[in-house]
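Below is one structure; the comments refer to it alone.
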Amino acid sequence: MPGEACEAGPSHPSLYSYFIAMGFSKNIVEKAIKKNGEGNSEAILETLLTYSATENPYLKNEDGPIESIARNYVDGLEDDSSDTDDFDDLEFIEAPPGRDRNLLTLVEMGFSAEEASAARDRCGLDASVLELADSIHAAHMAKDSHGIVLGSPIINKPNEATFYSTSRKKRILMEEKRKHRRNSHHGSRRSEYLKKAALDVDIPKPMIGFSLPFQNCIKRRNLPDSALGPPYFYYENVALAPKGVWDTISRFLYDIEPEFVDSKYFCASMRKRAYIHNLPIENRFPLLPLPKKTIQEALPSTKKWWPEWDNRTQLNCLQTCTASAKLTEKIKKALDDSGDVPSLRVQEYVLAQCKKWNLVWVGRHKAAPLEPDEIEMLLRFPKNHTRGGGIGRTERFKSLGNSFQIDTVAYHLSVLKNIFPDGINVLSLFSGIGGAEVALHSLGIRLKAVVSVEISEVNRNIIRCWWEQTNQKGTLIEVDDVQKLDGGNLEKFMRRIGGFHLVIGGSPCNNLTGSNRHSRDGLEGKDSSLFYDFFRILDLVKCIMGKKF
DNA sequence: AACAAAATGACATAGCTC
DNA sequence: GAGCTATGTCATTTTGTT
């Protein structure tokens, strides 16, 4: 495999703190380093992962934040985990000793046994764990992009992809034109210009961003001075927005190239999003343990009922709406009526509905929508994060559907851990149910102060409950509307807490997403235009930080 | 009133064919 | 390239039910 630059572990100044930062306990890291010597980070990682297979995995001692999250997470899975399936895999791997321990390590890292052994076949017996992990990712991507040659340095390809297909000058000119026309005409013809407007941002395939866990960085980037912090910022929205939207967003956010990432590389469900941020992209690390990436592993109880002809291994995007009971009844009836093996026609119908509504198999002929706690698990929120406190079931689905996938966001934010060892002050815009806060907390980054802006009262309640239950020692300031934030009250907040280290948020997507048949009005839509408030507030914060207030 | 279900039929993109 | 099909998407509005 290609040994390109910017590898995470080995070059790091302090191996010890690096592995601690990954979430391993001090004791285990000490043991592992003693055993392998400081020079061999790969062997250390392997030892760490092996230890955690037998001992309690990845948990920090004391009252570390990772502990509580991980425990909730594990608890949530315990109920339905049928031990028989996993056992087979382990036995298969444990049988041959020696080098094949690499396979066990890979499975611990979250890969399947088949993937692991296939990777070993490709890379040879002497391949290291990281090389094997790299190879598996490469294989995934090759599968995605429909048969790019295996084993070649695929990950170097997107490096060369040009972000701006036209020059900056030309783009700005076109935007001016667009604006001009928008002013002189109205609604009905707007979609026409949008169609004509060139799409300048290329959406990369596969949608893996600048890097994935246990993989070399794909690109290096030099941000323009105007983009640099303080503060750091992080903006998120749907990747497949109407044409020109990401071009506009990018231009407002200091011409930074969006990072397009599908969360299917982090968990068992898809989530195609783009993130614009000015964070460093070297030395990222993922939350551990890595989530299971297939439906059958993440929801083991479904395995038993999964029909042969349903070839799904991952779920579609988790949405705000859920399938009706009527629909699942129809599906059951259709299958009941068609005997052992349903006809191709019935299969097609059922499969289409399953894909459309993200149904999973929970019994014979019983397809069902995901339960809220399962969605919480897939997005990596603590179990029952959105439960109780006066929130209804429908609202729960809606709030979850609008949220971050924690693993994905945390991976990007992980670089903050070493930059701010004492913790950070966060301005969280469009907080929702607190995805940003949970991600930072899960990384073990202390939240010194959080100003959380969220319009929905139930969502604010959820964040406050979480804040109390995780025994946060910092300050939580709640604001109900981004439009109420101006230079005056921002400066007051910043005086009080000492400025912001991170401004983070994802503005409403409802006018951008393809699911919306009624008001997909683009960035100028009623809700999605709140993006401009994100920019406005970020710029204000930059200004005030610059003045040293 | 508060939910739940059904209807709606947009739109970008990928991968075909001709 | 134009034209077709298939697929996927942080949804909204209307209608029916406890």
Side-chain angles (χ1 to χ4, degrees), chain A residues 144-147 187-188 190-192 194-199 201-207 235-247 260-264 267 269-275 311-312 314-330 348-349 351-359 369-370 372 375-376 378-379 381 386 390-406 408-409 430-433 435-436 454 456 458-459 505-522 525-528 530-531:
Chain A
D144 261 22
S145 38
H146 298 276
S188 63
R190 195 172 65 208
S191 57
E192 239 175 83
L194 287 176
K195 264 179 210 158
K196 281 178 188 159
L199 179 68
V201 179
D202 293 329
I203 294 185
K205 269 187 312 179
M207 206 184 279
Y235 175 79
E236 177 261 10
N237 215 320
V238 289
L240 290 98
K243 279 183 181 176
V245 165
W246 275 107
D247 187 41
F260 288 92
V261 188
D262 190 336
S263 290
K264 73 175 179 179
C267 69
S269 76
M270 297 181 192
R271 206 166 186 78
K272 294 183 177 63
R273 297 291 178 271
Y275 308 86
N311 53 1
R312 289 176 300 155
Q314 291 195 299
L315 293 160
N316 281 334
C317 185
L318 303 171
Q319 307 234 80
T320 55
C321 300
T322 189
S324 64
K326 272 268 162 57
L327 179 71
T328 58
E329 192 188 350
K330 262 196 221 162
E348 270 171 22
Y349 162 73
L351 204 50
Q353 296 302 317
C354 285
K355 284 179 180 174
K356 183 173 174 186
W357 293 103
N358 261 336
L359 305 179
L370 293 166
I375 299 178
E376 285 169 347
L378 288 164
L379 296 173
F381 280 94
T386 57
I391 187 172
R393 205 177 142 83
T394 316
E395 277 175 310
R396 241 181 127 183
F397 281 115
K398 190 173 170 194
S399 292
L400 284 164
N402 280 310
S403 176
F404 286 163
Q405 204 284 324
I406 303 284
T408 314
V409 173
F430 314 102
S431 299
I433 54 176
E454 169 58 38
S456 149
V458 280
N459 284 350
S507 61
C509 72
N510 51 355
N511 304 128
L512 306 180
T513 172
S515 329
N516 188 345
R517 291 154 161 86
H518 291 272
S519 53
R520 197 184 191 191
D521 303 332
K526 184 168 143 286
D527 301 307
S528 294
L530 288 169
F531 157 73

*Provide, to the nearest angstrom, the distance between the CD atom belonging to Q314(A) and the C1' atom belonging to dT9(C).*
16 Å

*5' priority, DNA chain B, between G392(A) and T513(A) [closest heavy atom]*: G392(A)

_Rounded distance (Å) that lies between atom P of dA4(B) and atom CD of E329(A)_ = 17 Å

*Would you classify A325(A) as touching base, sugar-phosphate or nothing, given that sugar-phosphate means primed atoms plus P, OP1 and OP2, and contacts are heavy atoms under 4.0 Å?*
sugar-phosphate

*Rounded to whole angstrom units, what separation is found between the NZ atom of K330(A) and the P atom of dA5(B)?*
12 Å

*Between dC10(C) atom C1' and L530(A) atom CG, what is the distance in whole Å?*
15 Å

_Donor-acceptor pair, side chain of N402(A) and main chain of T320(A), under 3.5 angstrom_ = no

*Base partner of dC18(B), which must satisfy Watson-Crick or wobble distances under 3.5 Å*: dG1(C)

*Kindly point out which of dC11(B), dT12(C), dC10(C) is positioned nearest to the side chain of R520(A)?*
dC11(B)

*Assess whether one donor atom and one acceptor atom, taken from the side chain of R517(A) and the base of dC11(B), lie less than 3.5 Å apart.*
no

*Closest nucleotide among dG8(C), dT12(C), dT13(B) to the K243(A) side chain*: dT13(B)

_Integer-rounded Å distance: dA4(B) C1' and R396(A) CZ_ = 17 Å

*Given dC10(C), dA5(B), dT13(C), the nucleotide with the shortest approach to the side chain of S324(A)*: dA5(B)

*Given dT9(C), dT13(B), dA4(B), which nucleotide is nearest the side-chain atoms of T394(A)?*
dA4(B)

